[in-house]
Each structure stands twice: as structure tokens, then as C-alpha cells.
Amino acid sequence: MAEIKACIFDLDGVIVDTAKYHYRAWKRLCNKLGFDLTEEENESLKGISREGSLNILLKKGGLSLSDNKKADLTALKNGWYLEFIEKMKADEALPGAIEFIKATKESGRKIALGSSSRNALKILETLEIVDLFDAVIDGTKVSRGKPDPQTFQLGAEALKMHPCECVVFEDAQAGVEAALAGGMYIIGVGNKTTLNRANHTIEGFQNVGMEIFEKL
Ligand code: BG6
Ligand code: MG
């Protein structure tokens, strides 16, 4: 059995239900550009940086745009996304997620955030959970986004842990690959088939306690 001393949590779609807001904003942008974005297609965008996501979508729509135009489009999408999260309340955390993080901390394990989002701190503040984290690695601190392992490697380093002492909680395929590439354990949060490369999968944190670490 693995000895897990630290947990690194993704944010969007793991701690809080913001993945739906990213999807709505990207879909709106795609519609503006003349094509659609299904929920299934959106799976491959999860965990990917803002710019990386736009590039995937432009390829799908067969569009080639200048860097200036691309910057305008990511700003537009982020503006719509911010409108959604500005209305968000502290109770939009996913069921059981904050309770699980608190229990993990009380068990003596270290806690880090490992998110691609540059809006992460704002969301942690809305949820009033900034103080729970021993380290926060977000999109402002990385040069290589998921599926590159940098986000989680920086998290492990900040916690002074070896990768094999860490487990990552992720809802995105890109995040699962990032954790595996970083040599960490990975628990998928969501669909078992979509996240089939994870070491273990849970549907959510409801009724999940410290026994989860025995699965690794
Ligand atoms: C990830 C989301 O957490 O953050 C992606 O899963 C998003 O969908 C990425 O593109 C970057 O987020 P932001 O908030 O900086 O645009
Ligand atoms: Mg996510």
C-alpha cells in the first residue's frame, strides 16, 4: 500500500462546479465563430489552459487567426466566465469536497492546489477556503500546462514531498496524464470510462473518507 503524505487537488470540476461555466463560455464563443461544441468534445478541453483550449477549438472549426485576434477571443471568453463566477456563492463547492479536504488535513497530510486556472485564487476566496491550502499552484505560476506535469511537480516541491508520496485528485483527462507523467498517484473524480488511466476513480467526495488512500 502506498504511503500518501500529501494531496494535490485540481480546482475546476473537483472542488467546485465551475467546469460547467468554462463549458458554457467556450460553447458561446464557438457559436459566435459559427460552430458548436458538444459536452463530449468539451472533455478534451478540461484542464487545458485558456490559450491551449482556444487553439484546440480553432482547429476544430478550421480557423486560423492572428495572435491579436486570439488574444481578443480568450479575453472575451474569460469575461463571460468571470460573469458566471462573480454570481457564484460559497455553497457552490461540490458536495463533500471541502469536508474531504479538511479531513485530509486533520489526518496530518499536506494539501496543495494544482489548477491550470488563472482565476483560481478568486474562486478559493469566494469559497472561503484559501487558508486550507499549504501551497497554491495555479495558472499564474506555470509555463507548461497540463498534460505536462509541471503544475503538480511545483505542488509537490512546495510541500517538500516526493512525487510518490502525493496523490492528485483530477476530473480531466489532461490532468490524469499530468499526474502520471509526474510519477504521482492519481484519483479520478468523475466518469470511470473517461478517466480510465487513473489509479482509482470516485464519482464525487460524498461519503468518501480517509479509507480512500488504502485503494492506492
Ligand atoms: C482549468 C479548466 O482548471 O483551467 C479549463 O479545467 C480552463 O477548462 C483552465 O481552460 C484555465 O482557466 P482560466 O480560468 O485561467 O481561463
Ligand atoms: Mg478540472
Side-chain angles (χ1 to χ4, degrees), residues 7-30 37-60 70-88 92-94 97 100-101 112-127 129 133 136-152 154-155 167-180 184 186-191 194-195 197-198 201-205:
C7 295
I8 308 179
F9 293 88
D10 174 49
L11 176 68
D12 297 314
V14 169
I15 299 175
V16 66
D17 201 9
T18 37
K20 67 179 182 213
Y21 297 139
H22 279 295
Y23 172 52
R24 280 186 212 165
W26 283 127
K27 187 177 169 78
R28 191 165 163 190
L29 191 79
C30 289
L37 178 69
T38 65
E39 273 195 62
E40 199 185 341
E41 289 168 331
N42 184 59
E43 280 304 318
S44 66
L45 298 184
K46 287 184 179 174
I48 306 284
S49 71
R50 209 177 294 170
E51 289 70 23
S53 300
L54 180 69
N55 284 334
I56 293 173
L57 293 174
L58 292 179
K59 198 167 168 199
K60 170 180 144 54
K70 286 203 252 184
D72 290 346
L73 293 179
T74 48
L76 191 60
K77 181 266 171 181
N78 193 49
W80 291 331
Y81 178 71
L82 287 175
E83 281 175 25
F84 289 128
I85 63 168
E86 259 145 32
K87 288 188 212 126
M88 203 174 81
E92 282 190 54
L94 284 159
F100 179 82
I101 296 172
L113 189 85
S115 167
S116 305
S117 174
R118 278 174 264 165
N119 296 304
L121 211 48
K122 186 180 174 64
I123 294 172
L124 294 184
E125 281 163 3
T126 302
L127 298 178
I129 56 169
F133 293 87
V136 172
I137 308 299
D138 63 14
T140 66
K141 295 189 178 152
V142 297
S143 53
R144 301 184 305 277
K146 301 170 189 176
D148 187 284
Q150 190 191 34
T151 306
F152 299 137
L154 291 177
V167 61
V168 169
F169 289 87
E170 255 293 351
D171 69 317
Q173 289 166 339
V176 170
E177 294 309 320
L180 291 173
M184 290 149 200
I186 166 76
I187 296 181
V189 183
N191 185 294
T194 313
L195 305 173
R197 299 247 305 142
T201 317
I202 53 175
E203 282 175 15
F205 289 100

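Keep in mind that the numbers below use all heavy atoms, side chains included, and drop hydrogens, waters and symmetry copies. Counting starts at 1 for both ligands and their atoms, in listed order.
The aromatic rings of Phe133 and Phe9 sit perpendicular, their planes meeting at an angle over 60°, well past the 30° parallel limit.
Contact check for Val189 versus Phe205: side-chain heavy atoms found under the 4.5 Å cut-off. Proximity of Ile56 to Lys60: side-chain heavy atoms (C-beta onward) are nowhere separated by under 4.5 Å.
Smallest separation of non-hydrogen atoms from Asp138 and Ala120: CB-CB, 3.8 Å. Considering all non-hydrogen atoms of both residues, Glu170 and Val176 come closest at CG-N, 4.1 Å.
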Walk me through it: do Asn55 and Lys70 pass the test side-chain hydrogen bond (donor to acceptor under 3.5 Å, both in side chains)? CA-CA 9 Å; Asn55 284 334; Lys70 286 203 252 184; 3.0 Å; yes
Pairs under 3.5 Å, N/O atoms on ligand 1 and on the protein: can you put them in a table with the distances?
unit_1, atom_1, unit_2, atom_2, d
ligand 1, 3 (O), Asp12, OD2, 2.6
ligand 1, 6 (O), Gly47, N, 2.8
ligand 1, 10 (O), Ile48, O, 2.7
ligand 1, 14 (O), Ser117, OG, 2.7
ligand 1, 14 (O), Asn119, ND2, 2.7
ligand 1, 15 (O), Arg50, NH2, 3.0
ligand 1, 15 (O), Arg118, N, 2.7
ligand 1, 16 (O), Arg50, NE, 2.7

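A salt bridge links Arg118 with Glu51; the closest basic N to acidic carboxylate O contact falls under 4.0 Å. A salt bridge does not link Lys122 to Glu125: none of the charged side-chain nitrogens sits closer than 4.0 Å to a carboxylate oxygen.
Side-chain contact of Asp12 with Asn119: a donor-acceptor pair under 3.5 Å is absent, judged by distance alone.
Protein N/O/S atoms found under 2.8 Å from the Mg ion (ligand 2), listed by chain and residue number: Asp10 OD2, Asp12 O, Asp171 OD1.
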